[in-house]
Amino acid sequence: MNAIQNDRAAWLKASKAVCSNPPLQAPAKAWRLVLLGSPGVGKGTQAELLHQRLGSCHLSTGDVFRAAKSLPGGQRSPAMEEALDYMRRGELVPDQTVLSMVGERLRCLHCFGGFLLDGFPRTVAQAEALEKLMLHEEVALTGVLNYELPLEEIVARISGRRTCSQCKAVYHITSRPPRVPDVCDQCGGKLFLREDDRPESVRVRMAAYEKSTRPLIKFYQERGLLVPIVAGGTPEETFQRTMIALEGVLTD
Ligand code: AMP
């Protein structure tokens, strides 16, 4: 299985939906999963571990916006500039902007390794649009993993989180420290505190989650797709719980 760091933003950066890093061999099953959960719950880390184990592509809309931020100003469209302002404040980017980005990459839905959607959908309107797209493309979601964690643990996680400026790998200063402080184990890139992980943005992001994203739990529950997972403990413990829950999905 492909254990190399996946370029999670590639699906929207490139003009064609060509995987930057497809699985070396076709996985036994193409998992098509949505990862739900509040900011800081560890979805990105779990998606990375799932990508390594299952071979499915990790697709993160948040990574796409961060990748756009590092482009020279002239290469960013007015819609992308506007999206980045929302992101800096910790607010959700308008549905229309997110949906037009996703709409450009429909072929990703057919990837033979399946996909892991991390940070999308984030509103009921986005979930309805995804449902329509998937119906049209004749592909179905395997399940929606809902990661759950008490608020105080989430705050501790976000404030200690560090992200690689190059490959986007995620670390934590106490629970998942890099071997060399502030340097990425995988690519040697410099680690940084994301602008939207600063306390003032985190408060706005949590409020946006409560108002706009939490209703997706009911949305997917009603469709029989929701798989609740306790996100406490180490990333590896959460990953073990995820794999057990996915076995349950297979036998349902
Ligand atoms: P994330 O890394 O998923 O926490 O995303 C970081 C930021 O990107 C969010 O706080 C939003 O500003 C923006 N963003 C990412 N995905 C979406 C989405 N599906 N809908 C709206 N805004 C998004």
Side-chain angles (χ1 to χ4, degrees), residues 8 31-54 56-66 87 90-93 98 102 114-127 130-131 141-163 168-172 175-176 194 196-197 201-246 248-249:
R8 295 184 251 150
W31 290 92
R32 299 191 178 100
L33 301 170
V34 167
L35 278 72
L36 270 189
S38 78
V41 85
K43 297 186 298 294
T45 305
Q46 292 306 311
E48 206 45 58
L49 295 170
L50 284 164
H51 160 68
Q52 289 172 15
R53 178 70 66 89
L54 305 176
S56 324
C57 283
H58 177 188
L59 309 174
S60 157
T61 39
D63 280 349
V64 174
F65 290 126
R66 279 184 287 279
M87 195 189 97
E91 293 171 26
L92 291 187
V93 172
V98 178
V102 172
F115 55 78
L116 305 159
L117 295 181
D118 164 14
F120 174 83
R122 208 97 150 207
T123 64
V124 170
Q126 290 179 17
L130 176 66
E131 193 170 58
L141 281 178
T142 320
V144 175
L145 307 176
N146 183 40
Y147 290 96
E148 297 163 338
L149 196 67
L151 184 63
E152 59 274 23
E153 279 191 56
I154 289 173
V155 172
R157 281 192 184 183
I158 293 184
S159 56
R161 183 155 70 180
R162 298 292 180 273
T163 305
K168 311 299 171 217
V170 181
Y171 297 85
H172 190 278
S175 65
R176 203 183 187 216
R194 274 166 39 178
D196 60 343
D197 278 349
S201 299
V202 169
R203 271 190 292 276
V204 180
R205 287 167 67 203
M206 294 305 291
Y209 169 79
E210 287 301 325
K211 179 168 173 267
S212 306
T213 311
R214 192 180 277 284
L216 292 185
I217 295 176
K218 185 161 169 274
F219 181 93
Y220 284 119
Q221 218 160 25
E222 285 170 357
R223 284 154 178 77
L225 286 167
L226 199 78
V227 182
I229 297 171
V230 175
T234 64
E236 288 69 28
E237 284 164 350
T238 301
F239 183 59
Q240 289 311 319
R241 287 193 286 271
T242 304
M243 292 311 296
I244 291 167
L246 288 180
V249 170

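The residues of the chain are indexed from 1 along the displayed sequence.
Using a 4.5 Å heavy-atom threshold, the side chains of His58 and Leu50 count as separate. With contacts defined as side-chain heavy-atom distances shorter than 4.5 Å, the pair Leu145/Val34 does not qualify. The side-chain heavy atoms of Pro228 and Glu148, taken from C-beta on, include a pair separated by under 4.5 Å. Side-chain contact check for Leu54 versus Met243: some heavy-atom pair is nearer than 4.5 Å. Side-chain contact check for Cys57 versus His51: every heavy-atom pair is 4.5 Å or farther apart. Side-chain contact check for Thr234 versus Thr238: every heavy-atom pair is 4.5 Å or farther apart. Between Thr213 and Thr123 there is no side-chain heavy-atom pair separated by less than 4.5 Å. For the pair Leu33 and Leu246, the minimum side-chain heavy-atom distance is below 4.5 Å.
Rounding to the nearest 0.5 Å gives a distance of 9.5 Å between CG of Asn146 and CG of Leu216. Taking CD of Glu152 as the reference point, atom CZ of Arg157 lies at 11.5 Å (rounded to 0.5 Å). Here Lys168 contributes atom NZ and Ser60 contributes atom OG; the two are 10.0 Å apart, rounded to the nearest 0.5 Å. The structure places CE of Met87 at 8.5 Å from CZ of Phe65, a figure rounded to the nearest 0.5 Å. Note that the CG atom of Leu141 and the CD atom of Glu131 stand 8.5 Å from one another [nearest 0.5 Å]. Distance check, rounded to the nearest 0.5 Å: CE of Met206 to OH of Tyr209 gives 8.0 Å.
A side-chain donor from one of Tyr147 and Thr242 sits under 3.5 Å from a side-chain acceptor of the other.
Taking both residues in full, the closest heavy atoms of Leu116 and Ala47 are given as CD1-O, 3.4 Å, listed atom of the first, atom of the second, then distance. Considering all non-hydrogen atoms of both residues, Val227 and Ala245 come closest at CG1-CB, 3.6 Å. Residues Gly44 and Asp118 come closest through the heavy atom pair CA-OD2, 3.4 Å. When all heavy atoms of Gly40 and Ile158 are compared, the closest pair comes out as CA-CG1, 3.5 Å. Nearest heavy-atom pair, Ala127 versus Pro121, reported as atom, atom and distance to 0.1 Å: N-CB, 3.5 Å. When every heavy atom of Leu49 is checked against every heavy atom of Pro235, the shortest pair comes out as CD1-O, 4.0 Å.
The closest donor-acceptor contact from the side chain of Ser159 to the backbone of Ala156 lies under 3.5 Å. For the pair Gln126 (side chain) and Arg122 (backbone), a donor-acceptor distance under 3.5 Å is present. The closest donor-acceptor contact from the side chain of Arg205 to the backbone of Asp196 lies under 3.5 Å. For the pair Lys43 (side chain) and Gly37 (backbone), a donor-acceptor distance under 3.5 Å is present.
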One pair to check against side-chain contact (heavy atoms from CB on, under 4.5 Å): Val170 and Arg161. What are the steps and the verdict? CA-CA 7 Å; Val170 181; Arg161 183 155 70 180; 3.6 Å; yes

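Across Thr61, Leu59, Val102, a single residue satisfies side-chain contact (heavy atoms from CB on, under 4.5 Å) together with Leu117, and that is Leu59.
A salt bridge is absent between Asp197 and Arg162: the closest approach of a Lys/Arg side-chain nitrogen to an acidic carboxylate oxygen does not fall below 4.0 angstrom. Salt bridge annotation for Arg241-Glu237: absent, with no cationic side-chain nitrogen under 4.0 angstrom from a carboxylate oxygen.
The side-chain tip of Arg223 points at the ring of Phe219 from less than 6.0 angstrom away and within 45° of straight on.
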